[in-house]
Amino acid sequence: MSAVMTRGLLFVHSSPSALCPHVEWAIGSVVEKRTDLEWTAQPAAPGMFRAELSWVGSPGTGAQLASSLRGWAHLRYEITEEPSPGVDGARWSHTPELGIFHATTDVHGNIMVSEDRIRYAYESGAGDPAVVFHELSLALGEAWDEELEPFRHAAEGAPVRWLHQVG
């Protein structure tokens, strides 16, 4: 009987050079394997560096990675975890200005907003469409997407490092 596995991606969009070895250590402590990431200059933030990692592990590895990187205010990163049997997918985004955002995702990577969150938006709005719009924007992580978009474009064509059989 084989264990359920999933896979995901970690994008460190920007990190100060002094923090890069600490990021690698934190990732390695989760995947239980030394990680020597290929750091490249981040054109969207001169003086910062970026790296990518594709991982395979047990469900929950994405959450463990997000927890291991939590608290470093100078990092910009995104982590995705694909759905696996009995487990929804997930996405975590972090920026120094906004902190961390987490969302559940479907098999296509779309953010799924819960029924309770939608009801909260309606109730908070109390008839004011601007408030409903604001609450739904928060639920979708739009502010994080807007802030990270320039860093994503700067990554086009960058190499991805693959780690298999982690966890």
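Please read all numbers here as calculations on a predicted model, not as lab measurements. The analysis underlying the following values was restricted to heavy atoms, covering all of them including side chains, and did not include hydrogens, waters or symmetry mates.
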Co-membership, hydrophobic cluster, residues [X] and [Y], 4.5 Å side-chain:
X      : Y      : result
Leu65  : Leu37  : yes
Trp72  : Leu148 : no
Phe101 : Trp92  : no
Val87  : Ile111 : no
Leu98  : Leu75  : no

Supply the atom-to-atom distance [X] [atom1] to [Y] [atom2], rounded to the nearest 0.5 angstrom.
X      : Y      : atom1 : atom2 : value
Glu115 : Arg119 : CD    : CZ    : 4.0 Å
Trp55  : Thr35  : CH2   : OG1   : 14.0 Å
Thr80  : Arg7   : OG1   : CZ    : 10.0 Å
Asp128 : Glu135 : CG    : CD    : 11.0 Å
Gln64  : Ile79  : CD    : CD1   : 10.5 Å
Glu82  : Met5   : CD    : CE    : 12.5 Å

Under 3.5 Å donor-acceptor, [X] side chain and [Y] backbone:
X      : Y      : answer
Ser124 : Ala121 : no
Gln42  : Ser15  : no
Thr6   : Ser58  : no

Of the non-hydrogen atoms in [X] and [Y], which two are nearest, and what is the gap between them?
X      : Y      : answer
Arg91  : Gly141 : NH2-O, 4.5 Å
Tyr77  : Arg70  : OH-N, 3.9 Å
Pro96  : Arg76  : CD-CG, 3.4 Å
Asp145 : Arg152 : OD1-NH2, 2.8 Å
Glu81  : Ala63  : OE1-N, 4.2 Å
Pro85  : Val4   : CD-CG1, 3.8 Å

Exercise. Report the residues that fulfil side-chain contact (heavy atoms from CB on, under 4.5 Å) with Ser17, sequence neighbours left out, ordered by chain and then residue number.
Key: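 Once residues adjacent in sequence are excluded, the partners of Ser17 under the side-chain contact (heavy atoms from CB on, under 4.5 Å) criterion are Phe49.
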
Just wondering, do [Y] and [X] contact through their side chains at under 4.5 Å, heavy atoms?
X      : Y     : value
Val23  : Trp39 : yes
Met112 : Asp88 : yes
Arg50  : Ser14 : no
Ile27  : Glu24 : no
Trp144 : Glu78 : no

Exercise. For atom NE2 of His102, decide whether the heavy atoms of other residues, nucleotides or ligands shown that lie under 6.0 angstrom number more than 12.
Key: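 Atom NE2 in His102 is packed in, count exceeds 12.
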
Exercise. In sequence, state the C-alpha distance, the side-chain angles, and the governing distance for His94 and His13, and then conclude on side-chain contact (heavy atoms from CB on, under 4.5 Å).
Key: CA-CA 10 Å; His94 180 271; His13 290 298; over 6 Å; no

